[in-house]
Amino acid sequence: MKIASWNVNSIRSRQERVEQWLAQQAPDVLCVQETKVTDDAFPAAPFRALGYEPVIHGQKTYNGVAILSRAPVTEVRRGFDDSEAEAGARLVAARCGPVWVYSAYVPNGQVVGSEQWGVKLRWLARLRATLERHHKPTDAVVVCGDFNVAPEARDVHDPEFWKTQVLFHPQAREALHHLCEFGLVDTFRLHSEAHGAYSWWDYRALGFPRNLGLRIDLVLASNGLAGRCTAAAIDREARKGPLPSDHAPVLAEFDLS
DNA sequence: ATGGTTGCTTAGCAA
C-alpha cells in the first residue's frame with residue numbers, strides 16, 4: 001500500500017498538477033494539506049474520475065485538509081474530538097482499507113513566543129491525545145502531513161539559524177518527539193540517512209534552486225506498521241516546473257500482504 | 001535565508 005502526503009498550497013490552484021501526479025505515482029492514498037477551500041467548492045469530480053474518493057475538511061481562505069483514497073473508506077473523523085476549540089480545519093482521518101490514515105496540517109506558529117506559537121505546541125499535544133483515545137501503537141495507523149517542524153539538524157539547511165525559528169525551535173522539536181513517543185516512526189528515516197533531503201522550500205527566499213529547505217512533511221507509521229514499510233521517498237521532481245506548491249510530496253510504501 | 005513569492009481576497013494576512 002502506497003501512502004503519500006502533499007501540502008498543495010490551494011487545491012484549486014494545484015488541481016491539474018495533483019491529477020497528473022496521481023496518474024504518475026498511483027498512490028493508494030494521498031493526504032493533502034492547505035486546500036484553502038470550503039467543502040462545497042472542493043473540486044471532487046476530477047479526483048473521483050481518477051478513482052479517488054475525497055474525504056474533505058475545509059474552510060474559507062486558510063488551512064483545509066483532505067484524504068484522497070482509492071482504498072475503500074469505511075469511517076471518517078474530522079478535527080479533534082476533544083473539548084477545546086477547533087483552531088482551523090487542520091485534521092481529518094479516514095479508515096482506508098486496513099489502515100487508519102490521518103492528514104494533518106500542524107499550525108505554523110508564526111513567531112516563537114506568540115499566541116500562535118502556543119497553539120502550535122498545544123496542537124501537537126492534542127494530536128497525540130487523539131491518537132491515544134482511538135488507537136494502540138500496534139494498530140495500523142499512518143499520520144501524514146505538514147508538521148511545520150523539522151525533526152533533526154540534517155533535515156535543515158541552516159540549523160543554527162533555524163533553531164531560533166518556529167520550524168526548528170527546540171520546543172517544537174520536543175513537541176514532535178513527544179507525539180512520536182505514542183509509537184510513531186518517521187518512515188523516511190527507515191530508508192535514508194541523507195542530509196539535505198528537504199520537502200519544503202520558501203517561495204520568498206527563492207529557496208528551491210539553492211536547496212535552502214527543510215524536511216517538515218512526514219509520513220509517520222505506527223509501530224504496528226513500521227516493520228512493513230518497504231520504501232519511503234520525497235518526490236523533489238514535483239516541486240519543479242511552472243506554478244509549483246512550495247512543498248514536495250512525500251511517500252511511503254507498506255507490504256500488507 | 002533576511003530581499004526575493006504565492007494564494008486568497010481585494011489591502012492585508014498567512015506562509
Side-chain angles (χ1 to χ4, degrees), chain A residues 5-19 21 31-43 46 56-66 85-91 103-124 144-150 152-173 175-176 195-218 234 236 238-250:
Chain A
S5 183
W6 197 359
N7 179 323
V8 297
N9 187 21
S10 167
I11 191 65
R12 287 177 292 179
S13 291
R14 226 63 65 197
Q15 178 192 321
E16 281 191 31
R17 189 180 268 265
V18 174
E19 284 179 61
W21 191 84
C31 295
V32 176
Q33 299 86 37
E34 278 206 271
T35 56
K36 294 186 171 181
V37 67
T38 51
D39 292 353
D40 60 299
F42 187 97
I56 55 184
H57 183 42
Q59 67 179 89
K60 185 179 166 70
T61 309
Y62 302 119
N63 308 318
V65 287
E86 184 60 33
R90 294 177 173 273
L91 185 70
S103 182
Y105 177 43
V106 178
N108 170 286
Q110 295 183 340
V111 173
V112 174
S114 66
E115 182 178 349
Q116 280 304 307
W117 171 245
V119 170
K120 174 183 195 166
L121 299 177
R122 180 74 199 132
W123 202 95
L124 285 161
C144 296
D146 174 359
F147 287 82
N148 270 315
V149 184
E152 301 176 88
R154 59 184 168 168
D155 301 313
V156 180
H157 75 87
D158 182 351
E160 279 303 304
F161 169 75
W162 282 99
K163 73 182 186 186
T164 68
Q165 305 295 113
V166 293
L167 300 184
F168 191 58
H169 191 280
Q171 280 181 267
R173 294 173 65 194
L176 177 63
H195 292 236
Y198 307 134
S199 67
W200 169 82
W201 301 260
D202 200 333
Y203 290 130
R204 290 166 293 188
L206 302 175
F208 187 67
R210 296 190 282 162
N211 201 31
L212 304 179
L214 289 83
R215 191 172 69 89
I216 58 176
D217 299 273
L218 309 173
I234 302 171
R236 201 173 189 282
R239 180 62 172 77
K240 299 180 180 178
L243 297 177
S245 169
D246 46 350
H247 296 251
V250 296

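Summarising the geometry, the separation between CG on A:N9 and C1' on B:dC8 is reported as 10 Å, rounded to the nearest angstrom. Taking atom CZ of A:R204 as the reference point, atom P of B:dA14 lies 12 Å away to the nearest angstrom. Between A:Y203 atom OH and B:dA14 atom P there is a gap of 18 Å when expressed in whole angstrom units. Regarding A:R17, its CZ atom lies at a distance of 10 Å from the P atom of B:dG7, rounded to whole Å. Rounded to whole Å, the distance from CD on A:Q15 to P on B:dC8 is 12 Å. Rounded to whole Å, the distance from CD on A:Q59 to P on B:dT9 is 11 Å. A straight line from CZ of A:F42 to P of B:dC8 spans 13 Å, rounded to a whole angstrom. Atom CG of A:L206 is separated from atom C1' of B:dT6 by 12 Å (rounded to the nearest Å).
For the side chain to side chain contact (heavy atoms under 4.5 Å, CB included) with A:W201, the lone residue among A:D246, A:L206, A:N211 that qualifies is A:N211. For the side chain to side chain contact (heavy atoms under 4.5 Å, CB included) criterion with A:I216, the lone passing option out of A:D155, A:D146, A:V149 is A:D146.
Atom name P, nucleotides B:dT10 and B:dA14: the rounded distance is 14 Å, in whole Å. Taking the C1' atoms as reference points, B:dT6 lies 16 Å from B:dA11, given to the whole Å. With both ends at atom P, the span from B:dT9 to B:dA15 equals 15 Å, rounded to whole Å.
Residues A:L243 and A:D158 both approach DNA chain B. Their nearest nucleotides, taken by heavy-atom distance, put A:D158 toward the 5′ side. The 5' end of DNA chain B is approached more closely, in terms of each residue's nearest nucleotide, by A:R12 than by the other of A:N63 and A:R12.
Taking 4.0 angstrom as the limit, A:K60 places a side-chain polar atom (N or O) nearer than this to OP1 or OP2 of B:dT9. The phosphate of B:dC8 (OP1 or OP2) has a side-chain N or O of A:S13 nearer than 4.0 angstrom. For the OP1/OP2 pair of B:dT6 and a distance below 4.0 Å, the side-chain nitrogens and oxygens of A:R14 include no atom meeting the criterion. For A:T61 and B:dC13, the shortest distance from a side-chain N or O to OP1 or OP2 is not below 4.0 Å.
More than 12 heavy atoms of other shown residues, nucleotides or ligands fall within 6.0 angstrom of atom CD in A:E152.
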Evaluate the side chain to side chain contact (heavy atoms under 4.5 Å, CB included) criterion for residues A:V8 and A:R17: first the C-alpha distance (whole Å), next the side-chain angles of each, then the deciding distance (0.1 Å), finally the verdict.
CA-CA 9 Å; A:V8 297; A:R17 189 180 268 265; over 6 Å; no

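A tilted orientation is assigned to the rings of A:H247 and A:W200, their planes being inclined by 30° to 60°.
Contacts of A:E160 with the nucleic acid, taken as non-hydrogen atoms under 4.0 Å apart, are absent. Backbone-only engagement by A:Y105 is indicated by non-hydrogen atom pairs under 4.0 Å involving sugar-phosphate atoms exclusively.
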